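Below: one structure, written as structure tokens.
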Number of protein chains: 2
Amino acid sequence: MGKILSIGALATLTGCKVVTIRYYEQIGMLPEPGRSAGGHRVYDRHHLERLRFIRRARELGFPLKTVRGLLALSERADDAPCAEVDRMAATRLREVRAKIADLRALEATLERLLKQCGHTTLDECRILDAFRGEPVDAGV
Amino acid sequence: MGKILSIGALATLTGCKVVTIRYYEQIGMLPEPGRSAGGHRVYDRHHLERLRFIRRARELGFPLKTVRGLLALSERADDAPCAEVDRMAATRLREVRAKIADLRALEATLERLLKQCGHTTLDECRILDAFRGEPVDAGV
DNA sequence: ATAGGACCTCTAGCTGCTATAGGTTCAAGG
DNA sequence: CCTTGAACCTATAGCAGCTAGAGGTCCTAT
Ligand SMILES: [Zn+2]
Ligand SMILES: [Zn+2]
Ligand SMILES: [Zn+2]
Ligand SMILES: [Zn+2]
């Protein structure tokens with residue numbers, strides 16, 4: 001049961017890079033693992049699970065600080081209400097939506113500029129004009 | 001005509017922060033301005049225009065490195081074709097679209113998790129489950 | 001003349017990693 | 001058993017794009 005993993009194996013299993021794993025240890029996201037006689041890090045199932053958790057939360061864009069909170073709540077795992085988890089997810093969802101809205105505005109502006117550009121010369125390029133011109137707000 | 005601006009005035013006119021302006025000078029995005037007798041930076045119309053250009057390009061998400069290129073092309077402003085400008089804008093547009101697609105996937109996942117969560121207890125929370133569970137890919 | 005805001009330099013910090021450099025250990029094949 | 005080469009180790013510095021602080025000087029209006 002107590003299968004043992006090298007840092008490389010852990011990296012492969014989680015999709016994390018080796019350096020990132022060491023970094024997570026350094027900032028206290030992962031507990032210090034055991035060491036082999038020669039000083040190599042030795043991980044077990046618990047580290048694997050924790051790192052997987054971190055990876056997934058990161059993939060959803062939660063900042064490391066929030067992941068810390070999520071880990072703490074996950075490790076409690078008692079019958080306290082999960083409202084705080086939900087709140088964190090809801091906050092993240094709002095951020096994602098806000099970012100999407102921002103990016104859509106950028107997309108529209110860039111599309112417009114590319115359409116307007118006559119593909120002529122530098123001194124007539126509409127894209128450059130948009131940056132150079134008087135303070136007209138660029139189509140937000 | 002040669003109106004003179006303090007760094008604070010320049011900040012107000014462009015929406016850049018004072019520290020950011022100094023930072024841009026430090027990394028060579030803005031030319032070193034003149035100085036007053038007491039050593040305060042003194043800007044003119046050219047700085048204002050250049051900084052406005054930078055700000056607008058940055059608002060569209062162009063990285064500073066690309067902004068440098070755009071500035072160089074804008075300053076040439078001869079009858080060379082503007083194809084390179086267009087290419088930069090098209091590249092940026094592709095990036096924006098890719099980011100939107102990523103974020104939409106996140107949005108869908110987060111919505112799903114929030115819907116699934118029974119708003120019960122920590123040990124039954126579906127959101128935490130999604131992070132804890134076996135390597136099921138989180139609904140990309 | 002004096003107050004207090006705006007300005008100065010310098011250094012360090014933020015997020016989340018990544019990239020060296022220069023050395024040690026491990027595991028598999030001979 | 002011994003060698004070899006991949007994997008591992010530490011430590012430091014770097015990336016983007018700013019932001020924050022300390023500790024001091026200047027400018028301008030009253
Ligand atoms: Zn363990
Ligand atoms: Zn053009
Ligand atoms: Zn000038
Ligand atoms: Zn829940």
Side-chain angles (χ1 to χ4, degrees), chain A residues 3-30 32-44 47 50-51 53-71 88 91-92 95-96 99 102 106, chain B residues 4-30 32-43 47 50-51 53-71 88 91-92 95-96 99 102 106:
Chain A
K3 222 177 126 192
I4 258 173
L5 296 166
S6 71
I7 196 171
L10 191 60
T12 306
L13 287 172
T14 56
C16 253
K17 298 192 176 166
V18 166
V19 281
T20 307
I21 297 173
R22 285 198 283 250
Y23 169 70
Y24 284 163
E25 177 185 331
Q26 204 191 307
I27 63 169
M29 292 289 298
L30 271 182
E32 289 189 17
R35 295 284 180 147
S36 74
H40 287 201
R41 287 171 179 82
V42 191
Y43 297 95
D44 66 15
H47 296 97
R50 193 174 166 102
L51 184 52
F53 188 109
I54 294 170
R55 272 286 287 178
R56 287 185 194 151
R58 289 290 302 129
E59 274 162 13
L60 290 178
F62 288 96
L64 286 175
K65 196 170 189 177
T66 305
V67 179
R68 267 186 228 270
L70 289 169
L71 277 165
M88 288 172 177
T91 298
R92 179 67 193 135
E95 286 169 6
V96 167
K99 203 89 191 63
D102 284 356
L106 294 197
Chain B
I4 258 173
L5 297 166
S6 70
I7 196 171
L10 191 58
T12 305
L13 286 172
T14 58
C16 253
K17 298 192 175 164
V18 166
V19 281
T20 305
I21 297 173
R22 286 198 283 249
Y23 168 70
Y24 284 162
E25 178 185 331
Q26 202 190 309
I27 63 170
M29 292 288 300
L30 272 182
E32 291 189 17
R35 297 282 179 149
S36 72
H40 287 198
R41 288 171 178 81
V42 191
Y43 298 95
H47 295 98
R50 192 174 167 103
L51 184 52
F53 188 108
I54 295 170
R55 272 286 287 179
R56 285 183 194 154
R58 290 288 303 128
E59 274 162 12
L60 290 178
F62 289 96
L64 286 175
K65 195 170 190 177
T66 306
V67 178
R68 267 185 228 269
L70 289 168
L71 276 165
M88 289 173 177
T91 298
R92 179 67 194 135
E95 287 168 4
V96 167
K99 203 86 190 67
D102 285 357
L106 293 196

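The structure presented is a predicted model; accordingly, all values stated were derived computationally and were not measured.
Residue B/Leu64 is in sugar-phosphate contact alone, with no base atom involved, counting any heavy-atom pair closer than 4.0 Å across all strands shown. Across all strands shown, B/Arg22 has heavy atoms under 4.0 Å from base atoms, whether or not it also approaches the sugar-phosphate. Within 4.0 Å of B/Ile27, counting heavy atoms only, lies no atom of the nucleic acid at all.
Between A/Leu106 atom CG and B/Phe62 atom CZ the span is 9.5 Å, to the nearest 0.5 Å. Taking CG of A/Leu60 as the reference point, atom CZ of A/Arg92 lies at 8.0 Å (rounded to 0.5 Å). Atom CZ of A/Arg58 sits about 9.5 Å away from atom OG1 of A/Thr66, to the nearest 0.5 Å. Rounding to the nearest 0.5 angstrom, the gap separating the CG atom in A/Leu70 from the CG atom in A/Leu64 is 11.0 Å. The line from CD of B/Glu32 to NE2 of B/His47 is 9.5 Å long, rounded to the nearest 0.5 Å. Distance OH/A/Tyr43 to CG/A/Leu13: 12.5 Å, rounded to 0.5 Å.
Residue order along DNA chain D, read from the 5' end via each residue's closest nucleotide, puts B/Phe62 first among B/Gly38 and B/Phe62. Heavy-atom distances to DNA chain C give each of A/Ala37 and A/Tyr23 a nearest nucleotide, and the one nearer the 5′ end belongs to A/Tyr23. Each of B/His40 and B/Pro63 was assigned the nucleotide of DNA chain D with the nearest heavy atom; the assignment lying further toward the 5' end belongs to B/Pro63.
In summary, A/Glu95 and A/Lys99 do not engage in a salt bridge, as defined by a charged side-chain N under 4.0 Å from a carboxylate O.
Note that the first and last nucleotides of DNA chain C, 5' to 3', having any atom under 4.0 angstrom from a heavy atom of chain A are C/dG16 to C/dC26. Along DNA chain D, read 5' to 3', the first and last nucleotides having any atom under 4.0 Å from a heavy atom of chain B are D/dG17 to D/dC27.
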Solution key, residues 17-28 of chain A side-chain donor-acceptor pairs under 3.5 Å, sequence neighbours excluded:
unit_1	atom_1	unit_2	atom_2	d
A/Glu25	OE1	A/Arg41	NE	2.7

